[in-house]
Amino acid sequence: MYNTVLSLHSYWAYLVLLVLIIAAGNAIIKTVGDKEYENNDFRISLFTLIVSHIQLTIGLILYVVSPRLALWGELGGKVMSNSIARLYLVEHPFVNIIAIALITIGYSKHKKKLTSKSKLKTIAIFYSIALVLFLSRIPWSTWIG
């Protein structure tokens, strides 16, 4: 089960990054270009929200079934001094949960705005910060290789 969930989590991450780049890029371009907020912008931001929450669910399942979870018992307080264990057990989950929370907050806040510019600006800010956080905590050495 672990390998299946790990593969799903890894491949779904490509979709999350692609959709998040599209959503943030679209919002930035439209904000800078002083364009109107349209139904497609709503759909893109909603799809990004849904895809990221599915990734969170897969990630939480992976965390629970992962053999790395046993490192908490083996290393105890030394998890933080082991860079690999710290990345997989603390940094990656914590930062990515924050990123998904930012996507959720940005989505919720943008719906309450009344003007196109403020809607797009809200999405641009929250989704871009989430994108940077995602990119900062991807275990690149194992993910690409």
Side-chain angles (χ1 to χ4, degrees), residues 1-69 71-72 75 77 79-145:
M1 178 173 174
Y2 169 73
N3 289 328
T4 304
V5 177
L6 178 62
S7 293
L8 183 59
H9 184 68
S10 295
Y11 287 115
W12 197 264
Y14 287 110
L15 178 62
V16 172
L17 286 176
L18 176 67
V19 172
L20 187 55
I21 288 168
I22 290 169
N26 176 60
I28 291 168
I29 290 167
K30 285 191 150 193
T31 300
V32 171
D34 214 21
K35 307 269 183 176
E36 289 297 312
Y37 180 83
E38 299 170 347
N39 284 337
N40 263 355
D41 302 316
F42 177 79
R43 288 184 189 108
I44 291 169
S45 60
L46 177 60
F47 189 66
T48 304
L49 176 79
I50 292 167
V51 167
S52 64
H53 279 92
I54 291 170
Q55 178 70 345
L56 173 63
T57 304
I58 296 166
L60 292 174
I61 293 168
L62 178 63
Y63 193 85
V64 172
V65 300
S66 173
R68 293 181 197 268
L69 193 58
L71 289 174
W72 279 112
L75 296 175
V79 166
M80 295 305 281
S81 62
N82 181 324
S83 63
I84 299 296
R86 184 179 64 238
L87 173 65
Y88 286 105
L89 295 174
V90 180
E91 294 172 359
H92 180 77
F94 182 71
V95 171
N96 289 338
I97 289 170
I98 291 172
I100 292 171
L102 287 172
I103 290 170
T104 306
I105 293 166
Y107 180 79
S108 295
K109 284 183 158 295
H110 106 277
K111 290 191 318 181
K112 296 175 185 169
K113 303 293 182 180
L114 300 176
T115 63
S116 287
K117 186 156 182 99
S118 63
K119 284 178 178 284
L120 291 165
K121 186 177 178 183
T122 302
I123 293 171
I125 291 169
F126 281 90
Y127 282 33
S128 295
I129 294 169
L131 178 61
V132 169
L133 289 175
F134 276 136
L135 292 173
S136 75
R137 290 299 104 203
I138 291 175
W140 292 104
S141 59
T142 57
W143 198 46
I144 293 176

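Sequence positions, counted from 1, serve as the residue numbers for this chain.
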Shortest non-hydrogen contact from [X] toward [Y]:
X	Y	answer
Ala23	Ile123	O-CG2, 4.3 Å
Val51	Trp12	O-NE1, 3.0 Å
Thr122	Lys113	OG1-CE, 3.5 Å
Ala27	Ala124	CB-N, 3.6 Å
Thr48	Leu20	CG2-CD1, 3.7 Å
Met80	Val90	SD-CG2, 3.8 Å

Do [X] and [Y] make a side-chain contact, defined as non-hydrogen atoms from C-beta onward lying under 4.5 Å apart?
X	Y	value
Thr104	His53	yes
Ile50	Ile54	yes
Ile28	Tyr127	no

> Would you call Asp41 and Lys119 a salt bridge, taking side-chain N to carboxylate O under 4.0 Å as the test?
Replying inline: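 Looking at Lys119 together with Asp41, the answer is no, because their closest N to O distance does not fall below 4.0 Å.
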>> Using a 6.0 Å cut-off, check whether atom OH of Tyr2 has over 12 heavy atoms from anything other than its own residue.
In response: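 More than 12 heavy atoms, drawn from other residues, nucleotides or ligands, come within 6.0 Å of this atom.
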>> Centroid separation under 6.0 Å, is that true for the rings of Phe126 and His110?
In response: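 Ring centres of Phe126 and His110 not closer than 6.0 Å.
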With no hydrogens and no angle check, is any side-chain donor or acceptor of [X] less than 3.5 Å from a backbone partner on [Y]?
X	Y	result
Tyr88	Pro139	no
Tyr37	Thr115	no
Ser45	Phe42	yes
Ser136	Leu133	yes

From [X] [atom1] over to [Y] [atom2], what is the distance, rounded to the nearest 0.5 angstrom?
X	Y	atom1	atom2	result
Lys30	Asn40	NZ	CG	7.5 Å
Ile97	Arg137	CD1	CZ	14.0 Å
Gln55	Ser52	CD	OG	9.0 Å
Ile61	Leu56	CD1	CG	10.0 Å
Glu38	Ile44	CD	CD1	9.5 Å
Ile138	Phe134	CD1	CZ	8.5 Å

>> Run Ile125 and Ile129 through side-chain contact (heavy atoms from CB on, under 4.5 Å) and show every step you take.
In response: CA-CA 6 Å; Ile125 291 169; Ile129 294 169; 3.9 Å; yes
